[in-house]
2 protein chains.
Amino acid sequence: MSTTRRGRRPGSPDTRAAILAEARTLFASAGYAGTSVRAVAAAAGVDAALVHHYFGTKDDLFLAALQAPIDPRQVFAPVAEGGIDGAGERLLRTFLSVWDDETTRLPLLTMVRSVFDPERQPLVRDGYMRVVLGPIGTALGVEDVELRMSLVGSQLMGIVLARYVVQVEPLASASHDQLVAAYAPTLQRYLDGVLG
Amino acid sequence: MSTTRRGRRPGSPDTRAAILAEARTLFASAGYAGTSVRAVAAAAGVDAALVHHYFGTKDDLFLAALQAPIDPRQVFAPVAEGGIDGAGERLLRTFLSVWDDETTRLPLLTMVRSVFDPERQPLVRDGYMRVVLGPIGTALGVEDVELRMSLVGSQLMGIVLARYVVQVEPLASASHDQLVAAYAPTLQRYLDGVLG
DNA sequence: GCGACAATTCATCACGTGGTGAATAATCTC
DNA sequence: GAGATTATTCACCACGTGATGAATTGTCGC
């Protein structure tokens with residue numbers, strides 16, 4: 001906006017929403033440290049001061065961007081209702097559907113990349129492993145629930161990295177059925193199979 | 001060093017090695033972006049200009065820190081020599097021994113955290129998946145080698161995140177035998193088992 | 001139409017970053 | 001012992017960062 005003057009723009013542009021959407025995209029692709037407030041502002045077509053006006057500090061913006069449009073615990077609830085048989089497949093299909101939907105994927109990507117950020121790492125351990133996966137295992141009546149759900153979580157995280165982050169072929173372009181065929185037996189064994 | 005003067009220090013302090021060691025530690029724990037040249041210098045007890053003197057740019061320092069003391073391909077070679085039977089377990093034990101040795105773990109951690117860095121992501125795809133895992137699959141005569149080795153890679157990456165990065169219990173403190181009992185059957189099925 | 005309020009940009013700040021060059025001290029070679 | 005070379009710090013640079021406050025513009029209610 002090289003000809004921009006001070007003052008309010010005409011009409012009702014929802015610049016706040018534009019800022020939030022761009023923040024979600026940039027935090028997901030470049031992480032917290034790799035995303036500057038100015039970059040978010042530029043992508044939204046506003047001045048950086050407006051970002052602070054609406055969201056406060058960069059930390060506050062980050063937290064706002066992390067708010068998923070839906071509660072993951074609700075999404076995964078059906079997995080637990082079907083009982084332990086076939087739970088591996090149901091869990092995986094639900095997981096894939098969440099990750100293949102861009103609306104939910106961006107905040108999730110942001111959270112996952114936080115595993116390497118000492119200040120934000122609790123997001124993954126407490127948010128994903130404890131709040132999302134833990135209750136599923138408990139509801140399914142999984143034995144040795146902490147061990148088994150952490151095995152499950154390790155494979156799911158591996159899938160995220162391979163398919164969604166590094167985009168290794170042929171995993172990146174595999175269909176849900178193909179992934180289920182390969183991974184569901186693994187998840188099922190981790191849930192109720194023989195662990196040696 | 002509040003009383004430091006200009007000029008060479010007496011004796012033969014190996015400041016270059018000190019800088020490199022600190023760089024390895026910091027890049028592994030804070031990543032490229034989260035590690036400043038001044039932080040490395042401070043940790044090594046020298047002035048930041050000395051880092052540039054010895055290593056050039058920050059990028060050059062990063063590459064130097066990435067040089068593992070040993071070639072991972074040599075470490076994993078025995079896995080391929082024993083044939084496909086039991087390869088899952090041999091691969092996992094070798095993998096764990098490399099990761100549980102701090103000398104090799106730091107550069108590996110640095111590389112793994114690069115999955116989220118667009119500029120350095122090829123390190124994982126090309127370095128780990130293609131150069132290390134790929135040849136193992138080929139040497140073992142694995143069918144559908146690209147698919148199967150990417151499945152293997154996805155679980156190994158998940159183990160890295162869960163055990164070494166997020167340090168989820170009980171995986172973080174599990175013995176190698178416990179991990180083998182849980183994961184080796186998964187890796188073996190990915191190598192030569194039924195994938196559906 | 002006027003005043004209050006909200007939205008928006010411009011101008012600025014303190015600080016940290018990667019990096020450069022000159023001054024200084026120690027070691028080595030002749 | 002002198003000069004060359006190497007190691008080391010100090011001083012400085014340009015730039016980008018998160019953030020603040022004042023000036024300006026548009027909308028709404030009376």
Side-chain angles (χ1 to χ4, degrees), chain A residues 1-24 26-27 29-66 110 114 117-120, chain B residues 1-24 26-27 29-66 110 114 117-120:
Chain A
M1 291 289 222
S2 59
T3 60
T4 313
R5 303 162 306 166
R6 295 177 188 228
R8 189 169 174 156
R9 297 181 188 182
S12 303
D14 196 348
T15 48
R16 189 183 188 284
I19 292 168
L20 191 53
E22 294 298 338
R24 284 210 167 99
L26 287 171
F27 281 134
S29 63
Y32 181 85
T35 301
S36 68
V37 174
R38 285 185 174 86
V40 174
V46 301
D47 183 87
L50 198 62
V51 179
H52 294 291
H53 172 79
Y54 279 127
F55 296 97
T57 64
K58 185 183 177 183
D59 260 353
D60 294 333
L61 175 65
F62 184 76
L63 291 176
L66 268 189
T110 301
S114 299
D117 184 343
E119 287 177 48
R120 274 160 270 271
Chain B
M1 290 286 221
S2 59
T3 62
T4 313
R5 302 162 307 165
R6 296 176 188 228
R8 188 169 176 158
R9 299 183 187 181
S12 303
D14 196 348
T15 48
R16 188 183 190 281
I19 292 168
L20 190 53
E22 294 299 337
R24 284 209 166 100
L26 286 171
F27 281 133
S29 64
Y32 180 87
T35 301
S36 69
V37 175
R38 286 188 175 86
V40 174
V46 300
D47 185 86
L50 195 63
V51 179
H52 294 290
H53 171 80
Y54 279 127
F55 297 97
T57 65
K58 185 184 177 182
D59 260 350
D60 294 334
L61 175 66
F62 184 74
L63 291 177
L66 267 188
T110 301
S114 299
D117 183 344
E119 287 176 50
R120 273 160 273 268

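Here is the naming used below: chain letters follow the sequence lines, and residue numbers restart at 1 for every chain.
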Out of [options], which nucleotide sits closest to the side chain of [X]?
X	options	result
A:Arg5	D:dC12, D:dG26, C:dT9	D:dG26
A:Ala49	C:dT9, D:dT25, D:dC12	C:dT9
B:Thr15	C:dA7, D:dT8, D:dT25	D:dT8
B:His52	D:dT9, C:dA7, C:dT20	C:dT20
B:Asp47	C:dG19, D:dC10, D:dA7	D:dC10
A:Pro10	D:dT27, D:dC12, D:dT9	D:dT27
A:Val46	C:dT8, D:dG26, C:dT9	C:dT9

How many Å lie between [atom1] on [X] and [atom2] on [N], as a whole number?
X	N	atom1	atom2	result
A:Tyr32	D:dG18	OH	P	8 Å
B:Lys58	C:dG16	NZ	P	15 Å
B:Phe55	C:dG18	CZ	C1'	16 Å
B:Arg6	C:dA23	CZ	P	8 Å
A:Leu26	D:dG18	CG	C1'	16 Å
B:Leu50	C:dA22	CG	P	18 Å
A:Asp14	C:dA7	CG	C1'	12 Å

Given 3.5 Å as the limit, does a donor-acceptor pair link the side chain of A:Ser114 with the main chain of A:Asp117, or not?
no
Side chain proximity check, [X] to [Y], heavy atoms < 4.5 angstrom:
X	Y	answer
A:Leu61	A:Phe27	yes
A:Asp47	A:Arg6	no
B:Tyr54	B:Thr15	yes

Let me confirm one number: the OH-CG distance from B:Tyr32 to B:Leu26, rounded to the nearest 0.5 Å.
14.0 Å
What distance separates B:Phe62 CZ from B:Thr110 OG1, expressed to the nearest 0.5 Å?
6.0 Å
Compare side-chain N and O positions of [X] against OP1 and OP2 of [N] and report whether any pair is under 4.0 Å apart.
X	N	answer
A:Thr57	D:dG18	no
B:Arg8	D:dT9	no
A:Tyr54	C:dA6	no
A:Arg9	C:dT9	yes

Sugar-phosphate only, base, or nothing, as touched by B:Ser12 at under 4.0 Å among non-hydrogen atoms:
nothing
Assign each of B:Ala33 and B:Gly7 the nucleotide of DNA chain C bearing its closest heavy atom; nearer the 5' end lies the nucleotide of B:Ala33
If you assign each of B:Arg38 and A:Arg16 to its closest nucleotide in DNA chain C, which residue comes earlier from the 5' end?
A:Arg16
